[in-house]
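As the structure lists them, so they are numbered: ligands from 1, and atoms in each ligand from 1.
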Amino acid sequence: MKKYIKEIFAQPSLTEEIIVEGWVRSKRESAQVVFVMLNDGSCLKNLQIVLSLENTDENIIKRIATGACIAAKGTLVASQGKEQAFEMQANTIDILGEADAEKYPLQPKAHSMEYLRDIAHLRSRTQTFGAIFRIRHSLGFAVHQFFHQEGFFYWHSPIITASDAEGAGEMFRVSTLPAENPPMNEEKKVNFKEDFFGREAHLTVSGQLEAELGALGLGKVYTFGPTFRAENSNTTRHLAEFWMIEPEMAFFDIKDNMDLAEKFLKYVIQFALDNNAEDLAFLNERFEKENKAKKKEEQAEMNLLEKLNFVVAQEFERISYTEAIDILLNSNYHKKKKFNFEVKWGIDLQSEHERYLVEKHFKKPVIISDYPKEIKAFYMKQNEDGKTVRAMDILFPGIGEVVGGSQREENYEKLKERTDAMGITEQLWWYLETRQFGTAYHSGFGAGFERLVLFVTGMGNIRDVIPFPRTPKNAEF
Ligand code: 4AD
Ligand code: MG
C-alpha cells in the first residue's frame, strides 16, 4: 500500500508492507547497511530507510544519491537509533529519477537564503521552505474558512482593469500592441483604441473597487487574489506581485471594520498554531538561532511561538493618527534626534515611526485611524473635521503595516469632488453610480497575505514566503 510519510508517522503499522515515494535528503553507509533519509513533502519529518548491503544490488545503492527520487517498498520496524522510534526495512528500491549527487545544488548542509532564492525551482525540497509553504497553505485555507464562517461570499474581482484603484499610478500595462512601431494617434501618442481592450489596461493594484460593488448587493464579500504594483521598492516587505485579502462589508462603520480585522488576524494565526505545530516548532528553532546571532539591541525579546501566542492573546492598541504623532513628538527618540525623517502632523508615517510605536512604545499590534486626507486614497470617508479620513492601518511588530483599510465615502457629492480633483470621474462612472442608487455606509480592508506569512513564519524577507517572488529586475522561474 502506498503511504505518505505524514500518514506513516500519524499511524505507524509494523505489520503491513508499504511503499513510500520521495526524494533522498541524505545517505549514510555502515559496514552492513545503508541509511537513507527520505522526504516526500507531506510533512517536515524524514522517514529513515534501511537497506542491507548484502541483499541490495550495488548499482542501485550507487544510484540512491542525494536529490534522487526513489520508491521504497518494505515494512516498518522498531528503530535501534535514538533519533526515531521506527524506520523502514526496505526490500526493494526503484529509482524513479536519477540525480548526480555532486552536481545537485542542494547539498546536505546549511545554505544561505540568498543562494536558495537563486534555486527557487528546488528550494521547496528543503526543510525550511517545506515548512514555510505548508504554513502558507494553512493560512490561505484559514482565510476562506474564517470568511465563510462569518457569512461572507468569495467574490472575484478582475485582474485586468482600466482603473487605478489606489490612484498611485504604480501599474503594469497589459497590451497586445507591438512593442516596435505601435499605432499612433493624431497627438503622436500610442493609440490604445487599437489595443486589445480598445483602451489602456493594466494589472490591478487592488480588487477593492469591484469588491465594493459586490458588497452593495451581497452585503459581505471578500476577494483573495494576486495584485500587482510597479513600485520600485527593493525592501524586505515589498513584492511586485503579492496576494491580498480584501473583505468589503455593507453596514459596517470604521469600528466594525477594525473589530473584524483584529478578529481575522487572530483567527488565522491561531489556525496556524493549531494546525502547523511541527513546522512552527522547526521555524521557532531557526528563529532562536538567528536571533542569538544578532546584536544585543536588535534581538527580539520573544521567540516566534511566544510572539504568535502573544498577538493572539492581546487586545490591539487603538489610537488616532493625531495621537500617534503626539507620542512620537514626545518620545525620547525624537528628543535625541534618532528619527531620520521629520515628525509633524501631516507626514506619511515612515517605517521607523511605525516601528517605534509598535516595538518600543506599545510593544503590541497597533491600529492607527483617522489619517490626514492628503496622504490617503480618494475613496476614504471624510471626517467632519474636514482634515482627516476614516482610514485605519494595522501595524505588527517586525513587519509594519499588515492591514490597510477604511470606511468608504458613500456620499456622492463628496466622492465626486475627490474623483474630479484626480480626473478619474469619467472612468469610474460605475463606482460613482453606486452612490446615486441606494448608497449605503460600508467599509473594508486589505491584508497583505505575504506580510501575514512573513509574520507567522518569522522569516526576515518577503521573497522567502512566496514560491516564486516577483521583484524589480527579477522574474526568473
Ligand atoms: O494599504 P494598501 O495599499 O491598501 C489597498 O490596496 C486597499 N485597496 C485595501 C482595501 O481597503 N481593500 O494595501 C493593503 C495591504 C498592505 O497593508 C500590505 O499588507 C499589503 O497590502 N501590501 C503589500 N504586500 C507586499 N508587497 C507590496 N508591494 C505591498 N503593498 C501593499
Ligand atoms: Mg496602506
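- Set against the non-hydrogen atoms of Tyr379, the atoms of ligand 1 under 4.0 Å away are 7 (C), 8 (N).
- Annotation: atom 5 (C) of ligand 1 to nearest protein heavy atom, Glu166 OE2, 3.4 Å.
- Every atom of ligand 1 is numbered from 1 in the order shown, and the set under 4.0 Å from a heavy atom of Arg237 is 25 (C), 26 (N).
- Heavy-atom minimum distance, Leu280 versus Ala272: CD1-O, 3.5 Å.
- Cation-pi geometry between Lys266 and Phe316 is met: under 6.0 angstrom from the ring centre, within 45 degrees of the axis.
- Heavy atoms of Arg408 approach ligand 1 to within less than 4.0 angstrom.
- Nearest non-hydrogen protein atom to atom 17 (O) of ligand 1 is Glu401 OE2, 2.7 Å.
- Note on Glu401: counted as a metal contact of the Mg ion (ligand 2), an N/O/S atom lying under 2.8 Å.
- Proximity of His238 to ligand 1, defined as any heavy-atom pair under 4.0 Å, is shared by backbone and side chain alike.
- Taking distance alone, with nitrogen or oxygen atoms compared against 3.5 Å, Gly448 approaches ligand 1 more closely than that limit.
- Atoms of ligand 1 found under 4.0 Å from any heavy atom of Glu231, numbered from 1 in the order shown, are 28 (N).
- Residue contacts with ligand 1: Gln208 is placed with a nitrogen or oxygen under 3.5 Å of a nitrogen or oxygen of the ligand (distance criterion only).
- Of the charged side-chain nitrogens involved, at least one lies within less than 4.0 Å of a carboxylate oxygen, so that Glu384 and Arg390 count as a salt-bridged pair.
- For Phe396, the heavy-atom gap to ligand 1 stays at 4.0 angstrom or more.
- Looking at Asp40 and Lys6, no side-chain N of the basic residue comes within less than 4.0 Å of a carboxylate O on the acidic one, giving no salt bridge.
- With hydrogens and angles ignored, the 3.5 Å screen pairs no side-chain donor or acceptor of Glu426 with any backbone N or O of Gly423.
- Those atoms of ligand 1 that come under 4.0 Å of a heavy atom in Gly404, given as number and element, are 9 (C), 10 (C), 11 (O), 17 (O).
- Side-chain atoms of Asn284 do not come within 3.5 Å of backbone N or O of Asn303 as any donor-acceptor pair.
- At least one donor-acceptor pair closer than 3.5 Å links the side chain of Asn39 to the backbone N or O of Lys45.
- Looking from atom 12 (N) of ligand 1 to the surrounding protein, the closest heavy atom is Glu246 OE2, 2.7 Å.
- Note on Glu450 versus Arg136: salt bridge recorded, some NZ/NE/NH1/NH2 to OD/OE distance being below 4.0 Å.
- At the shortest separation from atom 18 (C) of ligand 1 among protein heavy atoms lies Arg451 NH1, 3.5 Å.
- With hydrogens and angles ignored, the 3.5 Å screen pairs no side-chain donor or acceptor of Thr439 with any backbone N or O of Gln436.
- Residue Arg229 has at least one N or O atom closer than 3.5 Å to an N or O atom of ligand 1.
- Taking a cutoff of 4.0 Å between a charged side-chain nitrogen and a carboxylate oxygen, Lys381 and Glu410 qualify as a salt bridge.
- When the options Phe449, Phe228, Phe242 are ranked by their closest heavy atom to atom 24 (N) of ligand 1, first place goes to Phe242.
- Taking the ring axis of Phe146 as reference, the NZ or CZ atom of Lys263 does not stay both within 45° of it and closer than 6.0 Å to the ring centre.
- Only the backbone of Val403 comes within 4.0 Å of ligand 1, counting heavy atoms alone; no side-chain atom from C-beta on gets that close.
- Closest to atom 15 (C) of ligand 1 among all protein heavy atoms lies Gly446 O, 3.6 Å.
- Counting heavy atoms only, Leu239 comes closest to atom 28 (N) of ligand 1 of the residues Ile399, Thr235, Leu452, Leu239.
- The atoms of ligand 1 that sit less than 4.0 Å from any heavy atom of Val402 are 17 (O), 19 (O).
- With His121 as the fixed residue, the ring-ring contact (aromatic ring centres under 6.0 Å, His included) test singles out one of Phe129, Phe477, Phe468: Phe477.
- Annotation: Glu248 places no N or O atom under 3.5 Å from an N or O atom of ligand 1; distance criterion only.
- Side chains of Tyr379 and Glu166: a donor-acceptor N/O pair is present below 3.5 angstrom, by distance only.
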When you look at Asn411 and Arg435, which way does the side chain to side chain contact (heavy atoms under 4.5 Å, CB included) test go after all the steps?
CA-CA 6 Å; Asn411 179 291; Arg435 273 67 169 173; over 6 Å; no
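- For atom 14 (C) of ligand 1, the closest non-hydrogen atom on the protein side is Met244 SD, 3.4 Å.
- For ligand 1, the atoms closer than 4.0 angstrom to any heavy atom of Gly405 are 11 (O).
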